[in-house]
There are 2 protein chains.
Amino acid sequence: MKVRIIDIAKKAEVSTGTVDRILHNRGKVSKKAEEKVKKALKELGYAPDILARNLAMKKELHIVCLLPNPEETKYWSRPVAGIQKAINELSVFKVRISKVFFSSQATSFEEACQKALALNPNGVVYVPMFREPSVTFANSLQKNNIPFIHLNIFQQELKPLSFVGQEAYSAGKVAASLCDLALNANDKILIAYISGEMQEYSHLQSRIEGFTDYFGDKGINESRIEHFYVKVSADKKNYEKSFLDFLSSAGNIKIIYVPNSRAYRIASILKKHNIKNILVIGFDTLEENLELVKEGYIRFLIAQQSKNQGYNAVILLFNALFKREKINNNYFLPIDILNKENIEFYDGIINSL
Amino acid sequence: MKVRIIDIAKKAEVSTGTVDRILHNRGKVSKKAEEKVKKALKELGYAPDILARNLAMKKELHIVCLLPNPEETKYWSRPVAGIQKAINELSVFKVRISKVFFSSQATSFEEACQKALALNPNGVVYVPMFREPSVTFANSLQKNNIPFIHLNIFQQELKPLSFVGQEAYSAGKVAASLCDLALNANDKILIAYISGEMQEYSHLQSRIEGFTDYFGDKGINESRIEHFYVKVSADKKNYEKSFLDFLSSAGNIKIIYVPNSRAYRIASILKKHNIKNILVIGFDTLEENLELVKEGYIRFLIAQQSKNQGYNAVILLFNALFKREKINNNYFLPIDILNKENIEFYDGIINSL
DNA sequence: TTGTATGCGTTATCAG
DNA sequence: CTGATAACGCATACAA
């Protein structure tokens, strides 16, 4: 029935110890023994019982997760929650999963990388938020033979084991396709850039490109697209008036596209001034955004199962490490469309298992 | 650190055997021993190591899944795939998971129920497709103390351990909210009933109610909603002409709502006749539907993570049975909105873990 | 270089 | 009623 180590040991006419040495290539095996065992392995089709393995293991695996501090950037609280879920679920196994947070400066990221390396991890999940330091980090990991998975930001050049996140360009197109439904002949579109601190988000750019490309393909070009910039940290809350001024002077704005998670900043202004004829579309399920979707001031949110993002990355790495599963590159998460009607169902069973 | 059976045995001054008897209430324990053990259990906070348990278990759990034959009704192939995924994932545990299919007659369903009971399952997942036979089945299960989970069709009166599926009424509302975006002043809506065999789908009715209620709330009532009925089995393919006739006589139809998984039947007629100005919205990710979404003849699909539906139900029951987890009632799955732009990402990581 | 023995935390059997 | 003990499949320390 089930092929055990002892079965292949018998078949190969060696002891279980020898088989084990080959399985874990600990060396100290004769060529002859090795051949016999490998033959038996193939013929009988051995697959380890990972549960028994876990029971017997002395030392534990260590997975380190490196991501922005959720107290600074709200978006990250959900991926962190997903990681926590994975921690709970994997608690029966001999794995330790640590979280290391960094803040919005590149130096903080670099420090976190050092900290992570010092922990001597068997595997790493990280968000390659800053380009240069990420390259350095990836190189260190590779040198030490530590597999790693990228979260949220796509950086294929660094050759991660896998990427878990959303395809940002397409997400922008999805947003555009929804706006398209509501757009009439002379309506204009406003893209609002509400930036926070971190500036190296390449996916922000992609979300905008996807959006404008969609309309470009339909012959709707720059003449009907306005742009409004806010740097939150500098302008504090003082952008409200300038935004309203911009809005009235631009005229005919039917749609406002906010390519990051800060749609709530725009929508709350509209709410305050009771402006209801503009369709706001944004990203991510921050509490603030959810609330305004329910109230009707944000019409659509594009979501990326941010909780599962963290969860999946950890589970994936665990499987690779513990079960020695091969994993494919690049797990693009679904591009979810949320509105007032379906939003309450978004955290269904997936997130509670 | 970790509390084991032997730890509580020592604390309670009994043997591990006695503790085991209490843990599994196999009886044959004195009151005194029981009290001492229960006290120790509480104080030390024992939680079983399910991996060690699995290793030691002699007999295996048996979960039986009862659902419509996917070869008859295409929708079911994805839940079945999800069940298969759960089977693979759980293969390391001592669980057997069997599938029993039934066809579109109530008698077939009843037979399947008999078959399922004869398998002496420890737990059952089933689709309560027919009302009366489902009541009988649920009663038998309850009498034999076999926990069960309902799939896809909501029948709370039968007191399943849980329900896994979509809230159909809200799904109808979601569909309506999308149509709403595209609906102009004098446009009309057509609801197309393309029925197959099985007639006891209460959720079909709910999907329609949700849809019409949404528009009712906005003051769009029956005067702007047309209805078209096809009984596929009777009319074979001959409804094409009658449908086209209906369409042109009704006039001004901007939206066609197909509240089941057969939107492709309508959309393929539109495709054949090159009709592009009508927005078709339907349900479920059948291959045929996906294709027509990509080609633009179906504008939206409402999906319910049908693969996860099967997967989650099995995992949930396994957790309840094996880990003795308490589970909450009613896991409503997300109401997913798919269109040409996001559909290729729909089968992301969730389905490949 | 190889084989043997012990333990991981449970379950379940078998004497008492 | 109770306690002791042999599996379960694997990892690992140790002996040869």
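To find a chain, count down the sequence lines: A is the first, B the second, and so on, and within it residues start at 1.
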- Task: Mind telling me whether A:F148 and A:H150 have parallel, tilted or perpendicular rings, with 30° and 60° as the class edges?
- Result: tilted
- Query: What are the two closest heavy atoms between B:P128 and B:L151, and how far apart are they?
  - Reply: CD-O, 3.6 Å
Which side-chain N or O atoms in residues 93-101 of chain A pair as donor and acceptor under 3.5 Å with protein atoms at least two apart or in another chain?
| from | atom 1 | to | atom 2 | distance (Å) |
| --- | --- | --- | --- | --- |
| A:K94 | NZ | A:N54 | O | 2.8 |
| A:K94 | NZ | A:M57 | O | 3.4 |
| A:R96 | NE | A:E60 | OE2 | 3.1 |
| A:S98 | OG | A:H62 | NE2 | 2.4 |
| A:K99 | NZ | A:Q84 | OE1 | 2.7 |

- Note on the structure: Residue pair B:L55/B:S30 against DNA chain D: nearer the 5' end by closest nucleotide is B:S30
- Could you check which residues of residues 31-44 of chain B get a heavy atom under 4.0 Å from DNA chain C? Sort them by number, please. none
- Task: Locate the shortest heavy-atom distance separating A:V127 from A:F102; write the atom from each residue and the value.
- Result: O-CZ, 4.0 Å
- Task: Kindly compute the distance separating OH (A:Y346) from CD (A:Q305), expressed to the nearest 0.5 Å.
- Result: 4.5 Å
- Query: salt bridge (Lys or Arg N to Asp or Glu O under 4.0 Å) with B:K38: which residues, sequence neighbours excluded?
  - Reply: B:E34
- Message: Taking 4.0 Å as the cut-off, does a side-chain nitrogen or oxygen of B:T18 come that near to OP1 or OP2 on D:dG3?
- Response: yes
- Positional range of nucleotides in DNA chain C within the contact set of chain A, heavy-atom, under 4.0 Å: C:dT1 to C:dG9
- Task: Please test B:Y331 against B:N312 for side-chain hydrogen bond (donor to acceptor under 3.5 Å, both in side chains), starting from the C-alpha separation and ending with a verdict.
- Result: CA-CA 9 Å; B:Y331 284 102; B:N312 289 336; over 6 Å; no
- Note on the structure: Protein heavy-atom contacts under 4.0 Å, written 5' to 3' over nucleotides 10-16 of chain D as B (base), S (sugar-phosphate only) or - (none), form the string BSB----
- Message: Tell me whether the rings of B:F109 and B:F130 are parallel (<30°), tilted (30 to 60°) or perpendicular (>60°).
- Response: tilted
- Nearest-0.5 Å distance, OH of residue B:Y126 to CD1 of residue B:I153: 10.5 Å
- Between P of D:dG9 and NZ of A:K10, the distance in whole Å: 11 Å
- Query: Which pairs, with at least one residue in residues 21-30 of chain A and sequence neighbours excluded, count as a side chain to side chain donor-acceptor pair (under 3.5 Å)?
  - Reply: A:D20-A:H24, A:D20-A:R26
